[in-house]
Engineer: 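Just passing along the structure, written as structure tokens.
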Amino acid sequence: MTIFQGKSSKKFTGGKRRHSRLKKRHELGREPTHTRIGEDARKQIRGMGGSTKTVVLRGDSVNVYVPAEKKTVRSKIITVKENPANPHYVQRNIMNKSTVIQTELGMARITSRPGRDGTINAVLL
């Protein structure tokens with residue numbers, strides 16, 4: 001199922017809007033990629049102009065930047081602690097940008113967009 005991202009057929013007053021044309025393919029969106037904790041799984045998605053985008057469906061490790069040592073270390077994800085996008089994502093262990101996760105090194109905040117970038121990067125708190 002696709003999501004339509006064009007103009008609504010209703011006005012804010014409740015009246016109908018007359019369309020001059022039909023829906024176009026570039027106005028279609030897709031379901032959000034809910035990246036979860038689990039064995040690594042990625043998917044290639046076709047974008048506009050034939051470009052490809054890698055999305056992370058499941059991930060069990062993260063690239064953690066340690067500011068004190070100024071280096072990046074690969075660490076295992078234990079659980080999701082806080083998610084400002086949606087509090088219900090914490091119970092479901094869904095990760096997106098700005099999610100606070102518990103790693104082997106400690107608490108870290110995700111700085112990448114796993115559903116768009118294809119990687120999970122974080123900064124140690």
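Side chains included, hydrogens not; waters and symmetry mates left out as well; all remaining heavy atoms used.
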Engineer: Only pairs under 3.5 Å count here: list side-chain donor-acceptor contacts from residues 101-115, not counting sequence neighbours, and write none if there are none.
Structural biologist:
unit_1: Thr103; atom_1: OG1; unit_2: Leu105; atom_2: N; d: 3.3
unit_1: Thr103; atom_1: OG1; unit_2: Gly106; atom_2: N; d: 3.2
unit_1: Thr103; atom_1: OG1; unit_2: Gly106; atom_2: O; d: 2.6
unit_1: Arg109; atom_1: NH1; unit_2: Ser98; atom_2: O; d: 3.2
unit_1: Thr111; atom_1: OG1; unit_2: Asn121; atom_2: O; d: 3.4
unit_1: Ser112; atom_1: OG; unit_2: Thr119; atom_2: O; d: 3.0
unit_1: Ser112; atom_1: OG; unit_2: Asn121; atom_2: N; d: 3.0

Engineer: In terms of hydrophobic clustering (I, L, V, M, F, W, Y; side-chain heavy atoms under 4.5 Å; direct or indirect links), are Val56 and Val100 co-clustered?
Structural biologist: no
Engineer: Which pairs, with at least one residue in residues 62-75 and sequence neighbours excluded, count as a salt bridge (Lys or Arg N to Asp or Glu O under 4.0 Å)?
Structural biologist: Glu69-Lys71
Engineer: Between atom NZ of Lys76 and atom CD1 of Ile37, what is the distance when rounded to the nearest 0.5 Å?
Structural biologist: 9.0 Å
Engineer: Taking only residues two or more places apart in sequence or in another chain, which ones pass side chain to side chain contact (heavy atoms under 4.5 Å, CB included) with Lys10?
Structural biologist: Ser8
Engineer: Linking directly or through intermediates, with side-chain heavy atoms under 4.5 Å: list the remaining ILVMFWY members grouped with Leu28, chain and number order.
Structural biologist: Phe4
Engineer: To the nearest 0.5 Å, tell me how far Gln5 CD sits from Lys23 NZ.
Structural biologist: 12.0 Å
Engineer: Apply side chain to side chain contact (heavy atoms under 4.5 Å, CB included) to Arg18 and list each qualifying residue two or more places apart in sequence or on a separate chain.
Structural biologist: none
Engineer: Would you say that Pro67 contacts Leu124 through its side chain, given a criterion of any heavy-atom pair below 4.5 Å between the two side chains?
Structural biologist: yes
Engineer: Carefully, step by step, assess Ile3 and Arg30 under the rule side chain to side chain contact (heavy atoms under 4.5 Å, CB included).
Structural biologist: CA-CA 5 Å; Ile3 297 172; Arg30 70 179 154 263; over 6 Å; no
Engineer: Got a sec, which pairs hit ring-ring contact (aromatic ring centres under 6.0 Å, His included) with one end in residues 52-77, sequence neighbours left out?
Structural biologist: none
Engineer: Do any pairs count as a ring-ring contact (aromatic ring centres under 6.0 Å, His included) and have a residue in residues 98-125, sequence neighbours left out, and if so which ones?
Structural biologist: none
Engineer: For the OG1 atom of Thr33 and the CE atom of Met95, what is their distance to the nearest 0.5 Å?
Structural biologist: 12.0 Å
Engineer: Considering only distance and modelled atom types, tabulate donor-acceptor pairs under 3.5 Å from the side chains of residues 40-50, sequence neighbours left out.
Structural biologist:
unit_1: Asp40; atom_1: OD1; unit_2: Asp60; atom_2: N; d: 3.4
unit_1: Arg42; atom_1: NE; unit_2: Gly118; atom_2: O; d: 3.1
unit_1: Arg42; atom_1: NH2; unit_2: Gly118; atom_2: O; d: 3.3
unit_1: Gln44; atom_1: NE2; unit_2: Thr54; atom_2: OG1; d: 2.9

Engineer: Does CZ belonging to Arg116 count more than 12 external heavy atoms closer than 6.0 Å?
Structural biologist: no
Engineer: Work out which heavy atom in Ser75 is nearest to a heavy atom in Val64; give both atom names and the distance.
Structural biologist: CB-CG2, 4.0 Å
Engineer: Show, in sequence, the C-alpha distance, side-chain angles and deciding distance for Ser9 and Lys16, and conclude whether the side chain to side chain contact (heavy atoms under 4.5 Å, CB included) test is met.
Structural biologist: CA-CA 6 Å; Ser9 61; Lys16 289 185 179 178; over 6 Å; no
Engineer: For residues 78-92, which side-chain donor-acceptor pairs fall under 3.5 Å, sequence neighbours excluded?
Structural biologist:
unit_1: Thr79; atom_1: OG1; unit_2: Asn93; atom_2: OD1; d: 3.4
unit_1: Asn83; atom_1: OD1; unit_2: Ala85; atom_2: N; d: 3.0
unit_1: Asn83; atom_1: ND2; unit_2: Ile94; atom_2: O; d: 3.1
unit_1: Asn83; atom_1: ND2; unit_2: Asn96; atom_2: OD1; d: 3.2
unit_1: Asn83; atom_1: ND2; unit_2: Thr99; atom_2: OG1; d: 3.2
unit_1: Asn86; atom_1: OD1; unit_2: His88; atom_2: N; d: 3.0

Engineer: Count the heavy atoms of every other residue, nucleotide or ligand shown that sit under 6.0 Å from CZ of Arg17, and state whether that count exceeds 12.
Structural biologist: yes
